[in-house]
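So the structure is just underneath, and the comments pick up after that.
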Number of protein chains: 2
Amino acid sequence: MLAAAVEVIGESGTSGLSLRDLARRAGVSHAAPAYHFGDKEGLLTALASQGYELLADALEAARGAGGEILEVGLAYVRFAVDHPAHFKVMFQPDLYPDDDPTLAAARQRAAEALRAEVTALPGVDPQIARLAAWSIVHGFATLWLGGALRQAAGQDDATDLARPVIRLLFGHDSDRAT
Amino acid sequence: MLAAAVEVIGESGTSGLSLRDLARRAGVSHAAPAYHFGDKEGLLTALASQGYELLADALEAARGAGGEILEVGLAYVRFAVDHPAHFKVMFQPDLYPDDDPTLAAARQRAAEALRAEVTALPGVDPQIARLAAWSIVHGFATLWLGGALRQAAGQDDATDLARPVIRLLFGHDSDRAT
DNA sequence: CCTGAAACTTGTCATTGACAAGATGCCAGC
DNA sequence: GCTGGCATCTTGTCAATGACAAGTTTCAGG
């Protein structure tokens, strides 16, 4: 059912999502989704939680694979591109209550994965560095999903375009020319 | 009426927006909004267009005031914080059709204002520099509006926090320590 | 065989977006 | 002064939706 929700959101966005349509696709009655999630908010909360878990998985995997900060950043972008529906719901906090414990735990896990990887540059407040890293990958991902970048750049692969962008912030100077 | 829409979105988010509620607040009948905007999509299109105009104004003003790139970036963040409803609608493209001519013109104007300001760093593709600049300010603004940053940082003023973040990307090395 | 819980279904209600068909007011041109 | 036309709304209606209440099926454990 969450999978069906992801599909619908991918087609019509978060506003076009209807519990009854989900039920129709799943071949059940119109009240079945309400039983499982209680509420439309409940469904979106579950979807956001799942999204944070997937994101944490992706970030931890990139970190485990010997990845430096660049790789973790690219994993963030790749997550957004591969799971656009999850990403959109996760960062639209007026769709769900933010006091759900499951969601808070998943979010905490993802935040930790992101936080651990940013090694501070010399002379820079590590908190600022973390914020900058998060901002640039999140901004890039959001703009890409919004379609704002596809026309500006000839690129059709998000990560190819994201790589030099992230390098500009954290890359060694020798990388800047590439 | 657009002002009322802004107010409602500020309270309940884009999904809680109802044409009938708008009509109630404006003291008119439930079909009056439909006459002016034709459609819910129409209303959101108008709101997005207005948002892009306001953004272009803000960016051009920052640029005109002798602002370097840092000031323009801060103006972007300030716009998002001051006009959260507009900002949210603008960058949620599944809420409105993207082929509206008025909207396209306004968007073009804002894009131009942003594009013109980014002076390339030596040895860096200017397109990449623009993308990085846009990404970092957009990401910061989005995360701030989503409430993701307010807890992490003790700051309660967005621009104070955004300043060192933007400096990290574009500032001179002498600024980094501050 | 009985019980009770999980996973639904059916039925209903207020609200919403969209549309059609009038009202009402105002102003230009004759 | 009258008429036609236009912009701005109102009333009425419809299908779709989210939420909820109450019943139904299924099935494991005792």
Side-chain angles (χ1 to χ4, degrees), chain A residues 1-51 84-86 88-103, chain B residues 1-51 84-86 88-103:
Chain A
M1 175 140 288
L2 282 175
V6 166
E7 192 185 342
V8 175
I9 295 176
E11 290 169 14
S12 348
T14 56
S15 45
L17 181 66
S18 132
L19 292 181
R20 289 171 118 99
D21 185 37
L22 282 191
R24 246 168 272 141
R25 291 180 186 233
V28 293
S29 84
H30 64 98
Y35 168 74
H36 287 286
F37 300 102
D39 203 331
K40 194 176 186 181
E41 269 192 351
L43 185 146
L44 292 171
T45 306
L47 213 139
S49 293
Q50 193 188 42
H86 284 98
K88 283 175 193 163
V89 173
M90 287 157 67
F91 293 100
Q92 209 175 339
D94 42 294
L95 291 181
Y96 54 86
D98 59 349
D99 54 358
D100 182 86
T102 306
L103 182 126
Chain B
M1 176 140 288
L2 281 177
V6 165
E7 190 185 344
V8 176
I9 294 177
E11 289 169 14
S12 347
T14 57
S15 44
L17 181 67
S18 132
L19 293 182
R20 289 170 118 99
D21 186 37
L22 283 190
R24 248 169 272 141
R25 290 179 187 234
V28 292
S29 84
H30 64 98
Y35 168 75
H36 288 286
F37 300 103
D39 200 322
K40 195 176 187 182
E41 269 194 350
L43 185 146
L44 293 171
T45 307
L47 215 144
S49 292
Q50 194 188 40
H86 285 97
K88 283 176 193 163
V89 173
M90 287 158 67
F91 293 101
Q92 210 175 338
D94 43 294
L95 291 181
Y96 55 85
D98 59 349
D99 53 358
D100 182 86
T102 306
L103 181 127

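Of the candidates D:dT13, D:dG18, C:dC19, C:dC19 carries the atom nearest the B:A31 side chain, counting heavy atoms from C-beta on. Closest to the side chain of B:K40, from the set C:dA18, D:dT10, D:dA19, is C:dA18. Nearest nucleotide to the side chain of B:H30, out of D:dC9, D:dA19, D:dG12: D:dG12.
Nucleic acid contact class of A:D21 (heavy atoms, under 4.0 Å, all strands): none. If you check every strand for non-hydrogen atoms under 4.0 Å, B:H36 touches sugar and phosphate atoms only. Looking at heavy-atom distances under 4.0 Å, A:L17 makes contact with sugar-phosphate atoms alone, never a base. Across all strands, A:S18 comes closer than 4.0 Å only to sugar-phosphate atoms, never to a base (heavy-atom distances). Within the 4.0 angstrom heavy-atom criterion, no nucleotide atom of any strand lies near B:A34.
Rounded to whole Å, the distance from CG on A:L19 to P on C:dT9 is 14 Å. Atom-to-atom, CZ of A:R20 to P of D:dA15 comes out at 14 Å; the value is rounded to the nearest Å. When rounded to the nearest whole Å, the span between CZ of B:F37 and P of D:dT8 equals 11 Å. To the nearest angstrom, P of D:dA16 lies 17 Å from CG of A:L22. Distance CZ (B:R25) to C1' (C:dT16): 16 Å, rounded to an integer number of Å.
Summarising the geometry, atom OG belonging to B:S18 is positioned 11.5 Å from atom NE2 belonging to B:H30; distances are rounded to the nearest 0.5 Å. To the nearest 0.5 Å, atom OG of residue A:S29 and atom CZ of residue A:R24 are 11.5 Å apart.
Residue A:R24 places at least one side-chain N or O under 4.0 Å from the OP1 or OP2 atom of D:dT17. In this model, the phosphate group of D:dT8 is approached by a side-chain N or O of B:Y35 to a distance below 4.0 Å at OP1 or OP2.
Residue A:V89 is tested with A:L17, A:L43, A:L47, A:V6 for a side-chain contact (heavy atoms from CB on, under 4.5 Å); the sole match is A:L47.
Using a 4.5 Å heavy-atom cutoff, the side chains of B:Q92 and A:T14 are in contact.
Side-chain atoms of B:Y96 do not come within 3.5 Å of backbone N or O of B:K40 as any donor-acceptor pair.
Nearer the 5' end of DNA chain C, as judged by each residue's closest nucleotide, is the contact made by A:V28, out of A:V28 and B:D39.
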